[in-house]
Number of protein chains: 2
Amino acid sequence: MGEKEHIKELVGVVGAGAFGTAIAMLLAKNTKVLIYVRKKSVVDAINKTHKHRGTVLSKDICATNSLQEIAERCTVIFPIVPSKDFRDMMIEFAPFLRPYHILIHGTKGFAINRQCVTGDGFAREDVNTMSEVIRQESIVLRTGCLSGPNLSDEIYAGKPTATVIGSKFEEVIDIGKRFLGSENFHVFGSHDLIGMELAGALKNIFALASGILEGKQLGRNIQAILITRGMMEMIYFGKAMGASSSAFLGTAGIGDLICTATSVKSRNFRYGKLIGEGETKASLEKTFPLLAEGVRTLRIAKRLADHYKLHVPITKILYEIIYNEYDVQKAIDYLMRYPYHVDVDFL
Amino acid sequence: MGEKEHIKELVGVVGAGAFGTAIAMLLAKNTKVLIYVRKKSVVDAINKTHKHRGTVLSKDICATNSLQEIAERCTVIFPIVPSKDFRDMMIEFAPFLRPYHILIHGTKGFAINRQCVTGDGFAREDVNTMSEVIRQESIVLRTGCLSGPNLSDEIYAGKPTATVIGSKFEEVIDIGKRFLGSENFHVFGSHDLIGMELAGALKNIFALASGILEGKQLGRNIQAILITRGMMEMIYFGKAMGASSSAFLGTAGIGDLICTATSVKSRNFRYGKLIGEGETKASLEKTFPLLAEGVRTLRIAKRLADHYKLHVPITKILYEIIYNEYDVQKAIDYLMRYPYHVDVDFL
């Protein structure tokens with residue numbers, strides 16, 4: 001073990017799903033990584049074989065099933081768990097966290113505020129981004145998120161890409177760049193944390209929709225229009241929820257959307273493709289056990305759209321397709337006739 | 001022949017390439033079409049067999065090799081010829097054109113001003129869009145363009161898409177909508193004619209670049225980033241040349257770019273893919289006889305970038321790849337290390 005090895009800081013990752021594992025692999029190019037996995041058998045497999053998800057991991061990645069150990073040994077931690085589990089994870093994690101911790105999450109979805117009892121008629125204050133959940137449930141102040149066109153399979157294969165670290169704190173962005181950046185992984189910084197989180201969550205809706213067009217074999221022309229108009233609907237949501245347009249037009253906005261909405265390596269796109277091929281949400285519950293984030297985000301977004309009276313026809317009709325089995329062809333006909341009078345109106 | 005048949009207006013199309021033919025087919029859903037083709041043998045084939053480019057044409061499409069006949073029988077005309085031939089076509093066409101003619105072109109490229117003798121150091125006044133060429137070379141006042149994610153093969157197959165008609169004249173937009181619109185072809189309108197023409201021309205550069213990444217099999221993540229940053233470079237060009245950001249963010253901007261830069265049905269993308277696979281401009285001159293528009297636009301854009309001192313690293317390094325056989329891998333390494341400090345700076 002060389003001298004350099006000794007001074008490497010230990011960085012934490014919470015969650016060893018596809019993306020959490022990809023982030024651990026990127027971190028391991030620069031530092032040592034401790035990854036939290038709930039299952040003891042997976043922890044042991046990672047520590048013994050250095051293999052996970054069919055991929056060989058760096059020997060600089062170790063696993064633990066103790067959140068306490070993560071908190072005690074790591075200052076910088078990347079929580080990357082599904083949005084539906086994020087708040088519960090934070091509640092479990094919080095007792096071990098201190099004000100010096102830095103949490104940069106990689107979760108693309110929304111959480112419902114604990115104060116919201118109805119579950120209906122969501123307004124901005126009922127819907128939280130993950131950085132808000134971190135602030136609500138723990139003493140941690142310095143939060144950030146990472147988002148961009150980051151299909152995990154391509155990161156495993158060492159293919160080049162970029163991400164954006166969003167944070168109010170320059171220090172968090174600098175730390176993210178230092179630990180994550182490498183010759184094949186460019187890290188941008190942004191201070192528009194909320195805009196980036198909204199973009200990251202909402203884009204999964206349009207990845208679903210684009211997948212449906214793929215399943216119906218309707219071609220790239222209409223997919224490109226869907227992505228363009230999807231970006232606009234994302235901006236309308238963002239404006240209603242207090243974000244500027246800018247995050248939606250960058251790497252973590254349209255960049256991530258283009259990637260997720262045109263690749264079968266995206267889980268949301270694949271889910272949509274199956275819907276386009278004739279499956280339903282009910283039929284997919286058996287074969288697609290790990291629900292695509294977009295399906296959950298869509299339900300929340302539909303209620304936000306109703307509350308803010310937004311003109312987001314794609315979001316609304318997609319909700320009918322997924323949740324009420326509305327006919328896909330009828331939905332497309334409806335959108336083709338939708339009276340869009342102007343092409344760009346958000347600037 | 002029914003009564004409705006008699007009142008159909010005859011609309012002209014100049015050029016029977018892939019896109020000209022697609023536009024003729026769309027027009028023929030609403031009206032009668034006269035298409036100009038230079039070669040007599042092609043004219044005869046279309047009029048006798050109603051087949052062209054391996055596709056069955058509507059019987060409402062007839063062909064002629066007389067520009068005079070097009071001008072005399074049609075008020076509304078869609079010129080769709082390669083940018084390098086556009087001015088010569090207009091010079092030939094002009095003697096037959098009258099102030100009542102309406103020309104909506106579908107050509108995505110630039111023309112060099114006749115006053116520009118050096119061919120070097122292009123500024124805005126040396127580089128013309130096709131609507132400017134129409135105004136310079138003819139008496140026609142009411143011009144427009146059409147642009148959007150419109151891969152011809154998908155239009156032939158009847159797959160749904162949308163386009164944008166850009167014109168200063170509401171009347172031109174309305175006429176374009178009336179003749180081109182159908183249940184599978186939505187027509188938006190825009191008054192930002194120049195912005196749309198710049199977007200339409202410049203996007204071919206980034207379709208080339210994206211094709212190179214495809215040829216190198218570098219994945220969808222990096223392609224999505226290329227498209228995002230390509231959109232930004234387009235906006236920098238647009239701003240320097242007097243256009244607003246808006247056209248670049250709509251259906252005819254990012255929409256067209258996404259489509260062209262991710263589909264092998266795009267000629268510019270295919271050209272780039274071959275470069276990525278090891279071909280050169282010289283080697284492709286034999287096998288890719290109909291030069292991709294993007295190659296020509298790239299040369300002009302490079303000079304505009306030098307003149308306006310624009311920070312457009314993708315355009316500049318792509319120029320070196322195509323025109324000076326600069327190593328593709330070195331170019332990618334250079335871009336991955338390019339000191340982009342901010343992600344979105346054009347708003």
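Sequence lines set the chain letters: A, B, ... in the order given, protein chains first and strands last, and positions in each chain run from 1. The shown structure was predicted, so the numbers you read here are calculated from the model rather than taken from an experiment.
Residue contact with chain B, scored on non-hydrogen atoms closer than 4.5 Å, involves the backbone and the side chain of A:Thr251 alike. The part of A:Asn184 that comes within reach of chain B is its backbone (N, CA, C, O), which places non-hydrogen atoms under 4.5 angstrom from that chain. A:Ala252 touches chain B through its backbone: at least one of N, CA, C or O sits under 4.5 Å from a heavy atom, while the side chain does not.
For the 3.5 Å distance criterion, the side chains of A:Ser131 and A:Glu197 qualify, holding a donor opposite an acceptor.
Put simply, of B:Ala224, B:Cys259, B:Pro149, B:Gly148, the one with the most heavy-atom pairs under 4.5 Å next to chain A is B:Pro149. Among the candidates B:Leu226, B:Asp333, B:Ile258, B:Leu213, the residue making the largest number of heavy-atom pairs closer than 4.5 Å to chain A is B:Ile258. Interface check for chain A: of the options B:Asn221, B:Thr262, B:Ile227, the most heavy-atom pairs under 4.5 Å are formed by B:Asn221. Taking chain B as the reference chain and counting heavy-atom pairs below 4.5 Å, the highest number among A:Ser263, A:Pro160, A:Gly255, A:Gly219 is found for A:Pro160.
Within a 6.0 Å radius of CD in A:Gln217, no more than 12 heavy atoms belonging to other residues, nucleotides or ligands are found. The environment of NE2 in A:His191 is crowded: more than 12 heavy-atom neighbours from other residues, nucleotides or ligands sit within 6.0 Å.
With salt bridges taken as basic N to acidic carboxylate O contacts below 4.0 Å, none links B:Asp153 and B:Lys265.
The main-chain N or O of A:Gly250 is never found under 3.5 Å from a side-chain atom of B:Thr228 such that the two would form a donor-acceptor pair. Between the side chain of B:Ser167 and the main chain of B:Gly144, no donor-acceptor pair closer than 3.5 Å is present.
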